[in-house]
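Following: one structure in structure tokens, then a few remarks.
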Amino acid sequence: MDAISVIRTKRDGGTLSPEQIDWVIDAYTRGAVADEQMSALAMAILLNGMDRAEISRWTAAMIASGERMDFSALPRPTADKHSTGGVGDKITLPLAPLVAACGAAVPQLSGRGLGHTGGTLDKLESIPGWRAQLSNAEMLDVLRGVGAVVCAAGDGLAPADKKLYALRDVTGTVEAIPLIASSIMSKKIAEGTGSLVLDVKVGSGAFMKNAEDAAELARTMVGLGTDHGVRTVALLTDMSTPLGRTAGNALEVRESVEVLAGGGPADVVELTLALAREMLHAAGLPDADPARALADGSAMDCWRRMISAQGGDPDAELPVARERHVVTAPASGVLTRLDAYAVGVAAWRLGAGRARKEDPVQAGAGVELHAKPGDTVRAGAPLLTLHTDTPEAFDYAVAALADAVEVGAHHAPAPIVLDGIA
Ligand code: URA
């Protein structure tokens with residue numbers, strides 16, 4: 001077996017054999033296949049695709065490159081959620097304790113933000129004392145004691161993906177559906193969850209800008225989960241405008257706590273409950289009532305215990321940015337568009353996100369929305385408040401918002417959940 005023949009097979013539109021896939025993933029992880037060879041193969045896959053059997057084998061090979069966690073000794077069924085990423089997507093924060101409060105165990109391995117999308121770990125790290133890095137034993141302890149844990153994936157999980165994802169990031173090969181699907185699912189399957197709900201975002205703030213691509217990604221991932229014995233379903237959800245009224249780390253934690261306290265923006269509550277119902281159903285707990293667990297405070301209790309178990313102080317004041325700048329509505333009428341991607345880029349430029357994975361983030365930075373599409377706005381009234389510790393970023397953030405807003409006469413409300421794929 002050699003790298004050049006594997007690359008040629010895919011370059012010429014052929015199908016990779018199981019032996020070729022196993023060999024190339026293992027050899028790349030060991031360093032026997034060079035980055036430039038893997039880049040060529042990733043580009044050939046992006047251009048020529050892979051069939052279901054190839055993607056399934058590719059995923060299995062990435063899982064086999066590292067450890068596979070096992071939660072079968074837990075007394076509760078496990079359920080996890082993965083979002084393909086969006087702007088203001090803080091759903092994991094209320095969702096994990098909510099689902100745990102309803103009887104499932106939620107082992108949520110999460111990531112950091114890159115580019116215009118935020119990362120769950122960056123958000124939680126704005127809570128004083130909270131630790132993302134747990135050993136496998138600590139993770140299991142929190143899961144046993146609290147029922148939900150949100151932490152960073154250890155280095156032992158799908159190391160082939162870690163290496164390949166970093167390579168794709170710098171070679172223009174992130175956007176291949178087989179590579180995205182296998183990357184996400186190798187980590188989720190290796191994590192050892194029994195069931196998985198995928199929140200596949202569609203719209204300007206998402207990876208997938210249109211419903212057809214999002215549905216193909218969702219179908220591919222559901223197929224992979226099923227092939228590997230994980231009960232998997234997907235919801236396609238709207239990401240044309242930010243979720244909720246905040247985009248930025250501490251801002252989003254504050255909003256999530258509002259949801260857990262029984263308030264919060266309607267779209268965040270609706271999506272949290274929709275995903276909770278899917279997770280509980282997939283975990284074999286169809287009679288659990290997540291709306292009641294939000295209303296009676298049991299989800300909030302679970303949140304507080306989850307934060308404390310990872311060193312955080314749930315009562316601590318959250319960081320606040322030093323400077324603010326208000327963006328006003330350009331006209332009076334109904335807000336018909338507030339673009340998710342533009343708000344995500346603005347939050348990123350204000351310091352809420354990072355350009356390179358080594359960069360720090362500002363806990364207090366971000367964008368606060370005073371109106372959502374469908375709301376009536378008045379010319380000159382506050383529409384957005386920008387938060388940052390680095391006020392020189394304001395002009396740059398305002399420039400990102402130049403075409404983000406439209407005010408008209410009428411707005412047709414769009415649903416948050418667009419479709420479901422099982
Ligand atoms: N998230 C991942 O983990 N992998 C991808 O390829 C894209 C998004």
Side-chain angles (χ1 to χ4, degrees), residues 25 28-29 35 38-39 41-47 49-50 54-56 58-63 65-66 69 80-87 89 91-92 107-123 132 150-191 193 196-203 205-209 213-225 228 230 232 234 236-237 239 340-341 344 348 353-354 356-357:
I25 294 286
Y28 179 58
T29 311
D35 275 348
M38 196 49 141
S39 310
L41 181 58
M43 187 58 81
I45 291 170
L46 182 137
L47 296 173
M50 288 203 282
E54 284 177 294
I55 304 173
S56 189
W58 186 274
T59 306
M62 293 216 291
I63 295 167
S65 72
M69 298 181 78
D80 192 8
K81 184 259 329 185
H82 178 84
S83 158
T84 56
V87 178
D89 184 2
I91 300 292
T92 294
Q108 177 86 51
L109 296 180
S110 296
R112 296 181 189 284
L114 193 62
H116 74 280
T117 62
T120 297
L121 300 182
D122 295 326
K123 295 172 206 207
V150 182
C151 62
D155 287 340
L157 219 66
D161 176 63
K162 197 160 260 174
K163 214 173 156 190
L164 180 55
Y165 192 34
L167 184 73
R168 287 166 55 215
D169 206 23
V170 293
T171 55
T173 51
V174 167
E175 293 87 349
I177 286 179
L179 295 179
I180 297 174
S182 55
S183 165
I184 292 172
M185 293 303 290
S186 62
K187 287 172 286 203
K188 287 290 158 185
I189 295 165
E191 170 202 282
T193 186
L196 176 64
V197 175
L198 299 162
D199 180 3
V200 180
K201 304 278 183 209
V202 191
F207 248 125
M208 298 291 143
K209 309 292 181 201
D213 288 347
E216 188 187 337
L217 177 62
R219 276 193 300 272
T220 307
M221 291 196 291
V222 169
L224 285 173
H228 288 87
V230 178
T232 308
L236 262 50
T237 71
M239 187 30 70
Y341 178 71
W348 173 32
R354 51 171 71 78
R356 294 172 313 145
K357 62 181 190 315

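In this text the structure is predicted, and so the values were computed from the model without any measurement. Both counts, for ligands and for their atoms, begin at 1 and track the order of listing. For this chain, numbers begin at 1 and follow the sequence in order.
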Exercise for the section: Check whether any side-chain heavy atom of Met62 lies under 4.5 Å from a side-chain heavy atom of Ser182, and answer yes or no. Expected result: yes

Exercise for the section: Give a yes-or-no answer on whether the side chains of Thr193 and Lys188 include a donor-acceptor pair shorter than 3.5 Å. Expected result: no

Problem - Sub-4.0 Å heavy-atom contact, Val174 with ligand 1 - result: no

Fill in the blank from the handout: heavy-atom search around atom 4 (N) of ligand 1 in the protein gives Ser183 OG, 2.6 Å

Problem - Nearest heavy atoms of Val150 and Thr120, plus distance in Å - result: CG1-CG2, 3.8 Å

Exercise for the section: Would you mind running through ligand 1 and noting each atom that sits below 4.0 Å from a heavy atom of Ile184? Expected result: 1 (N), 2 (C), 3 (O), 4 (N)

Practice task
For the residue pair Asp161 and Ser186, confirm or rule out a side-chain donor-acceptor distance under 3.5 Å.
Solution key: no

Handout entry: Residue and atom name of the nearest protein heavy atom (relative to atom 3 (O) of ligand 1), distance in Å to one decimal
Key = Lys187 NZ, 2.5 Å

Exercise for the section: Decide whether an N or O pair under 3.5 Å exists between His82 and ligand 1. Expected result: no

Problem - Min side-chain heavy-atom separation Thr84-Met221 under 4.5 Å - result: yes

